[in-house]
Amino acid sequence: MSFSLNSVTSAGQTYQDGQQVSASGVSSGESNAFGNLLAKAISRCFADSIASYEEKQEAVEEEKTASSGSGAAPASFQMSESMDAIFQEAANTYGVSVNLLKAVGMAESNFNPNAQSGAGAQGVMQLMPATAASLGVTNPFDARQNIMGGAKLLAQNLSMYGGNVDLALAAYNAGPGNVAAYGGVPPFAETQNYVVKVKQYMGTELTTGQTVQTAMAAPSAQAQTAADTDKQTEDTGMNFLADAVERVRVQGQMV
C-alpha cells in the first residue's frame with residue numbers, strides 16, 4: 001500500500017480525496033470507504049505532527065528571545081601570565097619585532113602595568129585614554145590588553161611609514177601629526193631622546209621577569225544557549241518526518 005496526504009492506493013485501487021480514481025478487482029463502495037477512512041487518518045497524523053512541531057519551534061524561539069534580551073555583561077576570570085609571553089604573543093599577532101615591543105615597554109614604564117604619567121598615559125605601553133579606546137583597550141591597566149594595544153599601534157605606525165622604525169617611534173611619542181608637520185622626527189628633545197633610547201634597548205636582551213594577573217573572557221553563556229537552541233531546532237526539524245510516519249503506522253494498525 002502507498003499513500004500521499006490526499007491520495008491513497010490500496011489493494012490495487014487509488015483514491016484522491018476519498019474518491020476512487022482507478023480500480024482493479026474490488027468493489028468501488030468498499031474501497032471508497034476504506035480509502036476515505038485511511039486518507040483522513042493520514043491527514044490527521046500529519047496535522048498532529050505539524051502542530052507538535054510548531055509548538056516546539058515556538059518554545060525554542062521564546063528561549064532565544066529571552067537569552068538575547070538578558071543584557072548580562074560577559075563573564076571573565078583572572079589568570080596568571082608571563083609578561084614576556086604576552087610580549088611574544090603580541091609580536092606574533094601584529095608582526096612587530098618582540099625586541100621593539102619590549103624596548104618600548106621598557107622606555108615607557110619600565111614594564112610597570114600600573115604606571116600613569118602626569119599627562120594621563122597609562123599602563124605598560126603608556127597609552128593615552130582616547131588612543132587606548134580606539135585600539136579596543138577597555139582596561140589600560142590590564143597588562144595583556146595594554147601590550148596588545150601598544151603592539152597594534154606600533155604595527156600601524158610601521159605600516160604608515162614603510163617600516164621606518166625612527167618615524168614609527170616618533171609618531172608613538174609625539175603623534176603622527178607632528179611627524180607630518182616636520183617631515184620626519186620632530187625637533188623635540190623628548191622625542192629625539194626617546195627614539196635613541198628605544199633603539200638602544202632594542203639591541204639588548206630584555207626580560208621582564210614578571211608574572212601578571214590578566215582578565216580572560218569566559219565562554220559566553222548566551223552564545224552557548226544560542227548554540228544549544230539552534231541544535232534543538234535542527235533536531236526538532238529532523239524528527240518531524242519520523243514522528244509523522246510513526247503516527248501513520250499506528251493509525252494504519254487501528255483501521
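Both backbone and side-chain heavy atoms feed into the values below; hydrogens, waters and symmetry mates do not. A quick note: this is a predicted structure, and the numbers were derived from the prediction, not measured.
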Trainee: What are the two closest heavy atoms between Pro176 and Met160, and how far apart are they?
Mentor: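 Closest heavy-atom pair between Pro176 and Met160: CB-SD, 4.2 Å.
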Trainee: Do Val195 and Asn173 make a side-chain contact, defined as non-hydrogen atoms from C-beta onward lying under 4.5 Å apart?
Mentor: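 No - every pair of side-chain heavy atoms lies 4.5 Å or more apart.
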Trainee: Give me each pair satisfying salt bridge (Lys or Arg N to Asp or Glu O under 4.0 Å) with a member in residues 99-111, each pair once, sequence neighbours excluded.
Mentor: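 Passing the test, one end in residues 99-111: Asp84-Lys102.
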Trainee: Taking the side chain as everything from C-beta on, heavy atoms only, tell me whether Phe141 gets closer than 4.5 Å to Asn146.
Mentor: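 Side chain of Phe141 against side chain of Asn146, heavy atoms only: no contact under 4.5 Å found.
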Trainee: Report the C-alpha separation of Thr93 and Lys152 in whole Å, then their side-chain angles, then the decisive distance to 0.1 Å, and conclude whether the side-chain contact (heavy atoms from CB on, under 4.5 Å) test is met.
Mentor: CA-CA 9 Å; Thr93 299; Lys152 184 177 182 179; over 6 Å; no
Trainee: Applying side-chain contact (heavy atoms from CB on, under 4.5 Å), run through Lys197 and Met106 and close with a yes or a no.
Mentor: CA-CA 10 Å; Lys197 181 167 62 173; Met106 180 68 178; over 6 Å; no
Trainee: Do you know the tightest heavy-atom contact between Pro186 and Ala170?
Mentor: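 The pair with the smallest heavy-atom distance is CD-CB, 3.9 Å.
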Trainee: Drop me the distance from Gln210's CD to Ser82's OG, to the nearest 0.5 angstrom.
Mentor: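 Rounded to the nearest 0.5 Å, the CD-OG separation comes to 9.5 Å.
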Trainee: Any side-chain heavy atom of Pro113 within less than 4.5 Å of one from Gln213?
Mentor: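 Answer no - side chains too far apart.
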Trainee: So do Phe87 and Ile147 actually touch side chain to side chain, heavy atoms under 4.5 Å?
Mentor: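 Answer yes - side chains close enough.
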Trainee: Taking the side chain as everything from C-beta on, heavy atoms only, tell me whether Asn99 gets closer than 4.5 Å to Leu206.
Mentor: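 They are not in side-chain contact.
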Trainee: Measuring from atom CG of Asn112 to atom CD of Gln122, what distance do you get when rounded to the nearest 0.5 angstrom?
Mentor: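 Atom-to-atom, Asn112:CG and Gln122:CD are 12.0 Å apart.
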Trainee: Taking the six-membered ring for Trp, are the ring centroids of Tyr194 and Phe188 within less than 6.0 Å of each other?
Mentor: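 When the ring centroids of Tyr194 and Phe188 are compared, they turn out to be at least 6.0 Å apart.
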Trainee: Got a second to check how far Arg144's CZ is from Asp142's CG, nearest 0.5 Å?
Mentor: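 So the gap between those two atoms works out to 8.0 Å.
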Trainee: List for me each residue that meets side chain to side chain contact (heavy atoms under 4.5 Å, CB included) alongside Asn92, sequence neighbours excluded, and say none if there are none.
Mentor: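 Expected list: Gln88.
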Trainee: Testing the basics here: between Ala103 and Tyr201, what is the closest heavy-atom pair and its distance to 0.1 Å?
Mentor: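 Where Ala103 meets Tyr201 most closely, the heavy atoms are CB-CB, 3.6 Å.
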Trainee: To the nearest 0.5 Å, tell me how far Leu167 CG sits from Leu158 CG.
Mentor: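 CG of Leu158 is found 10.0 Å from CG of Leu167.
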Trainee: Is there a path of hydrophobic side-chain contacts, each under 4.5 Å between heavy atoms of I/L/V/M/F/W/Y residues, joining Val179 to Met128?
Mentor: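 Looking at the clustering, Val179 is in a separate group from Met128.
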Trainee: Start with the C-alpha gap between Gln156 and Leu135, add the side-chain angles, then the distance that decides, and say whether side-chain contact (heavy atoms from CB on, under 4.5 Å) holds.
Mentor: CA-CA 11 Å; Gln156 292 173 352; Leu135 296 167; 4.1 Å; yes
Trainee: With a 4.5 Å cut-off on side-chain heavy atoms, are Leu100 and Lys199 touching?
Mentor: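 Counting from C-beta outward, Lys199 and Leu100 never come under 4.5 Å.
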Trainee: How about Gln126 and Ser109: does a side-chain donor come under 3.5 Å of a side-chain acceptor?
Mentor: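 Not at all, the side chains of Gln126 and Ser109 share no donor-acceptor pair under 3.5 Å.
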Trainee: For the OG atom of Ser134 and the CG atom of Leu127, what is their distance to the nearest 0.5 Å?
Mentor: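 Here the rounded value is 8.5 Å.
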Trainee: So, for Asn139 and Gln145, which heavy atoms are closest and what is the spacing to 0.1 Å?
Mentor: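 That closest heavy-atom pairing would be N-OE1, 3.1 Å.
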Trainee: If you compare all heavy atoms of Ala91 against all heavy atoms of Val96, which two are closest, and at what distance to 0.1 Å?
Mentor: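 Result for this residue pair: CB-O, 3.0 Å.
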Trainee: Report yes if some heavy atom in the side chain of Tyr94 is under 4.5 Å from a heavy atom in the side chain of Leu153; otherwise report no.
Mentor: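 They are not in side-chain contact.
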Trainee: Are a donor atom and an acceptor atom from the side chains of Gln78 and Thr214 found within less than 3.5 Å of each other?
Mentor: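 Thr214 and Gln78 do not have a side-chain donor-acceptor pair below 3.5 Å.
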Trainee: One pair to check against side-chain contact (heavy atoms from CB on, under 4.5 Å): Val212 and Ile86. What are the steps and the verdict?
Mentor: CA-CA 10 Å; Val212 292; Ile86 296 173; 3.9 Å; yes
Trainee: Would you say the side-chain atoms of Glu81 and Thr211 include a donor-acceptor pair closer than 3.5 Å?
Mentor: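 On atom types as modelled, these side chains do not qualify, holding no pair under 3.5 Å.
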Trainee: Are Asn157 and Leu169 side-chain neighbours, meaning at least one heavy-atom pair lies under 4.5 Å?
Mentor: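 Answer no - side chains too far apart.
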